[in-house]
Protein chains: 2
Amino acid sequence: MGSVPEQRFLPHIAYDSVIFGFSGEQLKILIMEYHNTGMFALPGGFVRVDEPLNDAVRRGLRERTGLDNIYLEQFYTFGSLERYQPEVMETILQANGFAVDDFRWMLDRFISVAYYALINYNKVNAQPDALSDSIKWYPLNDLPPLILDHADIVAKAHRTLQENLERKLVGMNLLPSRFTMKELQKVYEAILGTPLRRTTFQRKMLSLGILKRHEKRYSGKAHKAPYLYSFEGE
Amino acid sequence: MGSVPEQRFLPHIAYDSVIFGFSGEQLKILIMEYHNTGMFALPGGFVRVDEPLNDAVRRGLRERTGLDNIYLEQFYTFGSLERYQPEVMETILQANGFAVDDFRWMLDRFISVAYYALINYNKVNAQPDALSDSIKWYPLNDLPPLILDHADIVAKAHRTLQENLERKLVGMNLLPSRFTMKELQKVYEAILGTPLRRTTFQRKMLSLGILKRHEKRYSGKAHKAPYLYSFEGE
DNA sequence: CCAAAAGTGTTATATATACACCCATGA
DNA sequence: TCATGGGTGTATATATAACACTTTTGG
C-alpha cells in the first residue's frame, strides 16, 4: 500500500485518460480497480500548481504505462454537476486507510479535462497507482461499471476517435512500428466497428502516401507473404 | 462603474468564448476592452460552485449578447503556464478601482475552457461587463493585440470552425433564419478564406437535403430574384 | 431588348467501389 | 499442384468540377 506523494495540486481540476490499445482484433482500454471497493475508473490525476496541463497528463501516462512520446489528444472537458459525488472518493480513501480529513480537497467538485491516448499494446507495462490495486485492459464493449461519468467519457472518446480516424490517420499508433496491411485494416475495423473491403482499404491507404513499404513477412503459412509497412518517420 | 457580484466561483477555472458573427462579407468576433488599460480580451467568465460548466458559458453569453439558445461548441481547454500572468489581471483590477486584496483569487493561475459560438450578427445587443468599458465586433483578420494566450484561442477556434464546417454544416447559424444561397456562400467563403464555385456550391448545399426553399426575394435590382432558404426546423 | 445575376442541364474529370484475376507460399 | 491469402488490373458507379445555356428581373 503506497502513499500519495505530498504535492501541491490545483484544486477542482482533474484529468482523465482513455488509453486505447489493440490486441486480439479488439480495441481495449486501461481501467483501474480500487482496493476493496469493487469500483472501477479511468486512469486520471491532478495538475501540479506549477505544471502545464498537458505535461501533467503525459506524466500520468508515463507513470501508468512506462511509455513516453505517446499519441495523445485532448477531446473534451467534463463539468456537469452529476460528476460531483463526494461519497465515491470518500469510500475509496477509507478503503485505503487514509484519514479523510487529510484529503478533504479530493472530495470537492472537480472539472475534468479528458484525453485519449493510442499506444502499442505490447509495449505497455501497466502500473497501478497508490489508491488502486490493479490496472488492466478491458475490451471496449465489455467494460466493468465505471464510477461517476466515466462511461460517458469513454463513449465520447470512442466517438471522437472514429471521427478523427480518416482526418488524422491515427490507426498506426496502435500497432508496432512495422505492420501488415491486414493488421492495419483490423485496427480500422475495430475502431469503426464495421468490416471494410480489403482491396479498397489497401488502395486508400497506399494512395495517402504516408506508408513506407518494407520487406515481406514470411509466416510459414501456405500463402503469399504480405509486405510490412511503416508510418513515414519511424 | 459596476461592481463584481458577490458569487462563489470555482477557483482556477475560467472559460473564454470566441463569438463569431458575420457582417459585410466578413467574419467578426466580439472583443472586450478594459477600462483605462488599452487591454483587449475575449469575453469570458467563471463557473459558480453549484453550476454546470456549460450553463456558466450560456449564462455569460446571455449577459454579453442578450441571446439564448446559441449555437455553442466547446473546442479546447488551455492550461499552459504562459497564460499565468497575474500582473495583467492586477492592472485591470486597479484600473477599475478595486482593492486587489478583495480579488486575490483572480490573480491565481487559471485553466480556461474555450468555446466558440455562432450567432446572428444583427440580433446582438452587446453589453460590456463590470470590468470593461466596451465590447465590439472586430474582423477576424484585424484584431487588436489580445492579452495572455487569447490570440492562440482565437486561432484554434477558427481552425476548428473550418474543420467542422462540412461535417456539422454550421454555416446557417451565422445568418438570419431566411437567407439566399449567395449569402450562405459568402459565409462559407469567409470561414474557409477561399472563393467557392457558385454552381457547385448551390448543388452541394441542395443535395444535403437540409434546406427548405421559400419564396423569392425581390431586391428591386434588374436581375432574377433569388429564392430564400431556411435551415430545416426554423 | 439589354445587362445582371440566378438557376439548371450537359459533359468531362476525378474518385470510390466491386469484381476478377494473377501471384507467392508451403504442404 | 493445390489451397490460401496477398496484390493489382479493370470495369462500373458515384461524386465533383467546368462550362454553357436558359430564366427572371428592372431599367
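Naming: A, B, ... by sequence-line order, numbering from 1 per chain. The structure displayed is predicted, hence computed values, not measured ones.
- Asn141(A) meets the side-chain contact (heavy atoms from CB on, under 4.5 Å) test with Gln26(A), Pro139(A); sequence neighbours excluded.
- Partners of Asn120(A) by side chain to side chain donor-acceptor pair (under 3.5 Å), not counting sequence neighbours: none found.
- The side chain to side chain donor-acceptor pair (under 3.5 Å) check on Glu183(B) picks up Arg217(B), with sequence neighbours excluded.
- Contacts of Tyr121(B) classified as ring pair (Phe, Tyr, Trp, His ring centres under 6.0 Å), with partners at least two apart in sequence or in another chain: Trp137(B).
- Atom C1' of nucleotide dT17(C) and atom CG of Leu196(A) are separated by 13 Å, given to the nearest angstrom.
- By the ring pair (Phe, Tyr, Trp, His ring centres under 6.0 Å) test, Phe179(A) is found to be paired with no residue, residues two or more places apart in sequence or in another chain being considered.
- Rounded to a whole Å, the OH atom of Tyr218(B) is 12 Å from the C1' atom of dA6(C).
- The aromatic ring centres of Tyr76(A) and Phe78(A) sit less than 6.0 Å apart.
- The CZ atom of Arg59(A) sits 10.5 Å away from atom CG of Leu61(A), with the distance rounded to the nearest 0.5 Å.
- Residues meeting the ring pair (Phe, Tyr, Trp, His ring centres under 6.0 Å) test with Phe46(A), sequence neighbours left out: Phe9(A), Trp105(A), Phe110(A).
- Applying a 4.0 Å cut-off to non-hydrogen atoms, none of the residues of residues 184-195 of chain A approaches DNA chain D.
- Not a single ring pair (Phe, Tyr, Trp, His ring centres under 6.0 Å) links Tyr84(A) to another residue, sequence neighbours left out.
- Nucleotides of DNA chain D lying under 4.0 Å from heavy atoms of chain A occupy a range whose first and last members, 5' to 3', are dA3(D) to dT10(D).
- Nearest-nucleotide mapping onto DNA chain C: of Leu228(B) and His223(B), the residue sitting toward the 5' end is His223(B).
- Proximity of residues 198-208 of chain B to DNA chain D (heavy atom under 4.0 angstrom from any strand atom) is restricted to Thr199(B), Thr200(B), Arg203(B).
- Every residue two or more places apart in sequence or in another chain that forms a side chain to side chain donor-acceptor pair (under 3.5 Å) with Glu215(B) is listed here: Arg178(B).
- Scored by the side-chain contact (heavy atoms from CB on, under 4.5 Å) test, Gln162(B) finds His158(B), Ile191(B), Leu192(B) as partners (sequence neighbours excluded).
- In terms of phosphate contacts, Lys221(B) brings no side-chain nitrogen or oxygen within less than 4.0 Å of OP1 or OP2 of dA5(C).
- Residue-level contact check: Arg217(A) touches neither bases nor backbone, having no heavy atom under 4.0 Å from any strand.
- The side chain of Tyr227(B) contributes no N or O atom lying less than 4.0 Å from OP1 or OP2 of dA6(C).
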